[in-house]
Amino acid sequence: DCLYDVGTGFTAHRNTDGVVSHMVENQYLNFASREEAQAFRDVYFERYHSTAKALTAAENDGELPPLPKGVSLPPGREKRFIP
């Protein structure tokens, strides 16, 4: 909360609605629900204190949900999560 006072609600938004929506809507991350994405994010965020670092580490650890059937990374793209 360096830039925004906690009272503005921005921190709560970015730690829930913002990032969780992205995790569910991004076909390469493929979280099945907001609840699954939030629980996953909370565990990794506790460890890394950064959602981008958390998703990068989770991908490196092979812990992201599997890609949906018929979905593959585009040619030249090596990572599912790009910070």
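Owing to the predicted nature of the structure, the values given are computational and were not obtained by experimental measurement.
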Quick check for you: to the nearest 0.5 Å, what is the distance between [X] atom [atom1] and [Y] atom [atom2]?
X	Y	atom1	atom2	answer
Lys79	Glu59	NZ	CD	5.0 Å
Leu55	Phe40	CG	CZ	6.5 Å
Thr51	Met23	OG1	CE	7.5 Å
Thr56	Phe81	OG1	CZ	5.0 Å

With distance as the sole test, does Arg34 use its side chain to make a donor-acceptor pair with the main-chain N or O of Ala37 at under 3.5 Å?
->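 No; zero donor-acceptor contacts below 3.5 Å.
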Joint hydrophobic cluster, Tyr48 plus Val20, side-chain heavy atoms closer than 4.5 Å |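 Hydrophobic grouping puts Tyr48 with Val20.
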Out of curiosity, does Tyr28 fall in the hydrophobic cluster containing Tyr44 (side-chain heavy atoms, cut-off under 4.5 Å, transitive links)?
->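 Each belongs to a different hydrophobic cluster.
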Closest non-hydrogen atom pair between Gln27 and Asn30, with its separation |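 So the minimum-distance heavy-atom pair works out to O-CB, 3.7 Å.
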Nearest heavy-atom neighbours spanning Phe31 and Glu36 |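 Of all heavy-atom pairs spanning Phe31 and Glu36, the closest is C-OE1, 3.6 Å.
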List the atom pairs, with distances to 0.1 Å, where a side-chain N or O of residues 61-75 and a protein N or O form a donor-acceptor pair under 3.5 Å, not counting sequence neighbours.
none

Passes side-chain contact (heavy atoms from CB on, under 4.5 Å), Asp42 versus Gln38? Steps please.
-> CA-CA 6 Å; Asp42 290 348; Gln38 185 71 58; 2.8 Å; yes
